[in-house]
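Below is one structure, written out as structure tokens; the observations come after it.
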There are 2 protein chains.
Amino acid sequence: MGRGKIEIKRIENLSNRQVTFSKRRNGIIKKAKEITVLCDAHVSLVIFGSSGKMVEYCSPSTTVTDILDRYHKQSGKRLWDAKHENLSKEIERIKKENDNMQIELRHLKGEDITSLPHKELMVLEEALETGLAWVRDKQAC
Amino acid sequence: MGRGKIEIKRIENLSNRQVTFSKRRNGIIKKAKEITVLCDAHVSLVIFGSSGKMVEYCSPSTTVTDILDRYHKQSGKRLWDAKHENLSKEIERIKKENDNMQIELRHLKGEDITSLPHKELMVLEEALETGLAWVRDKQAC
DNA sequence: GGAACTATCTATAACTG
DNA sequence: TCAGTTATAGATAGTTC
């Protein structure tokens, strides 16, 4: 669509490439707006030029986030799960640590010790005696 | 571009709308591919028709996630931060709980008690005595 | 460098089987 | 209803200022 037919391959000349980018980018955004209005479609469009410049179009009444939520659901692809996964794993790790401390604390308070084997009871007793000794020592000061 | 000029407003006739959607959707995707090749651009394009059907195009050598990362950085808009925030808060909460237990445990073991006021030392001593009593009681069984 | 022009190409609205 | 065709509107490559 122009004075001459062009092959669809990278435009080597930088300024031509930038000019063409600018024109076509506007063209695509216009088309995106049109299909939105004509066909009740929802569109999310993000374009980066090779210079790094970004433009975006998103149909009115939605946000990129909305579109991406739907994208996420329908495509089955994971956009942010990977990021979530790290956080979730961190939570799991801390919770486990938490649980272990909870149990240790209860044991030290003499709770839930019915099922403990004899050996662990002895370890527990020693720990308590040591702790008590330290506390009494401190109080004596 | 067609046999007659059309206004850019919603096409009321359903089947016409669907036909137009299908044609224009393909057109936009073609244009997106072309600008990608011609201008070294990176494009992420997601289109939902009013029927809910989704199509996407993303320039080769990147993923939607890549594009969105860049979008995220450059637009300053938060795409997934809101989703992450809850998880982050949860982590904070658990870590705090964790710290408190850590401290309590250390105290029970007689560690880090130098700065404790007298009153707390007494509470600690009582807790230790109670725990010890329970443990000895259990060992006697 | 960018805005405007225009000849030409492309996309597509309406049509057809 | 759907793919294929065609006439025409719209997009744009090369050009000009």
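So that the names make sense, note that chain A is the first sequence line, chain B the second, and so on, each numbered from 1.
Looking at residues two or more places apart in sequence or on another chain, you find a side-chain contact (heavy atoms from CB on, under 4.5 Å) between A/Asn13 and A/Ser15, A/Asn16. Partners of A/Arg24 under the salt bridge (charged side-chain N to carboxylate O under 4.0 Å, His left out) rule, at least two apart in sequence or in another chain, are B/Glu34. Here B/Ser88 pairs with A/Leu87 under the side-chain contact (heavy atoms from CB on, under 4.5 Å) rule; sequence neighbours left out. Applying the side chain to side chain donor-acceptor pair (under 3.5 Å) criterion to A/Thr20, with sequence neighbours excluded, gives no partner residue. Every salt bridge (charged side-chain N to carboxylate O under 4.0 Å, His left out) that B/Lys95 has, sequence neighbours left out, goes to A/Glu90.
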Got a list of side-chain donor-acceptor pairs under 3.5 Å for residues 115-129 of chain B, not counting sequence neighbours?
{"residue": "B/Glu125", "atom": "OE2", "partner": "A/Arg136", "partner atom": "NE", "Å": "2.9"}
{"residue": "B/Glu129", "atom": "OE2", "partner": "A/Arg136", "partner atom": "NH2", "Å": "2.3"}

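Taking a heavy-atom distance under 4.0 Å as the criterion, the stretch of DNA chain C touched by chain A extends 5' to 3' from C/dT6 to C/dT12.
Sorted by first and then second residue, the salt bridge (Lys or Arg N to Asp or Glu O under 4.0 Å) pairs with a member in residues 40-55 of chain A read A/Asp40-B/Arg10; sequence neighbours excluded. Within the structure, the salt bridge (Lys or Arg N to Asp or Glu O under 4.0 Å) test picks out the following pairs touching residues 101-114 of chain A (sequence neighbours left out): A/Glu104-B/Lys109, A/Arg106-A/Glu111, A/Arg106-A/Asp112, A/Lys109-B/Glu104.
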How would nucleotides 7-12 of chain D be written as a contact map, 5' to 3', with B for base contact, S for sugar-phosphate-only contact and - for no contact, using protein heavy atoms under 4.0 Å? BBBSBB
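In this structure, B/Val37 belongs to a hydrophobic cluster whose other members, linked by side-chain heavy atoms under 4.5 Å apart, are A/Ile6, A/Ile8, A/Ile11, B/Leu38.
A heavy atom lying under 4.0 Å from DNA chain C marks none of the residues of residues 7-15 of chain A.
No donor-acceptor pair closer than 3.5 Å links the side chain of B/Ser22 to the backbone N or O of B/Gln18.
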